[in-house]
Amino acid sequence: MQARRGTSLLVLFLMLSCAAIGSAPVVAREVSVQEAVAQAQRQADGKVLSVQTLNVGKRKVYRVKILTRDGQVRVIQVPAEQ
């Protein structure tokens with residue numbers, strides 16, 4: 001009877017451990033300014049005119065202004081946390 005109780009407790013412990021690991025929050029990686037610029041440049045295919053770091057609520061956003069090959073100015077916002 002003692003062995004069954006120990007096994008049951010072990011199984012319960014393992015189940016709770018797995019549940020805790022599975023529900024752990026995912027930590028976002030912060031993107032550098034250089035990475036944000038590269039990402040925006042790939043998206044718009046042009047020359048970077050300026051970069052600003054903005055705080056929108058509790059989040060940090062990079063605002064990248066790009067001059068496209070056809071002469072248009074595009075503004076791309078890249079979240080700092082990805």
Side-chain angles (χ1 to χ4, degrees):
M1 185 80 157
Q2 213 38 294
R4 267 184 90 180
R5 178 179 283 178
T7 303
S8 296
L9 288 175
L10 179 61
V11 170
L12 178 62
F13 174 75
L14 290 173
M15 288 173 49
L16 291 174
S17 297
C18 289
I21 291 170
S23 64
V26 175
V27 178
R29 182 181 80 80
E30 186 163 319
V31 174
S32 69
V33 175
Q34 292 85 1
E35 290 172 311
V37 166
Q39 185 177 337
Q41 224 169 2
R42 281 191 304 271
Q43 190 174 340
D45 190 28
K47 179 181 175 185
V48 175
L49 299 175
S50 66
V51 182
Q52 291 179 311
T53 303
L54 305 173
N55 290 313
V56 180
K58 294 182 180 180
R59 298 184 179 201
K60 188 160 92 172
V61 175
Y62 298 112
R63 183 178 182 264
V64 186
K65 193 181 292 187
I66 295 182
L67 178 64
T68 63
R69 291 182 182 212
D70 61 355
Q72 295 183 339
V73 175
R74 284 189 59 192
V75 176
I76 298 176
Q77 293 190 359
V78 179
E81 291 184 4
Q82 294 184 356

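We number each residue from 1, following the sequence as shown.
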- Message: A side-chain contact here means heavy atoms from C-beta on lying under 4.5 Å apart; do Gln82 and Glu35 qualify?
- Response: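 No. Closest side-chain heavy atoms not under 4.5 Å.
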- Spacing of CG belonging to Leu67 relative to CZ belonging to Arg74, to within rounding of 0.5 Å: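 Between atom CG of Leu67 and atom CZ of Arg74 there are 12.0 Å.
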- Message: Under the side chain to side chain contact (heavy atoms under 4.5 Å, CB included) test against Tyr62, which residue among Leu54, Val33, Ile76 passes?
- Response: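 Of the listed options, the one satisfying the test is Val33.
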- Query: With the 4.5 Å side-chain cut-off for hydrophobic clustering, are Val61 and Val31 part of the same group?
  - Reply: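 Unlinked, Val61 and Val31 end up in two clusters.
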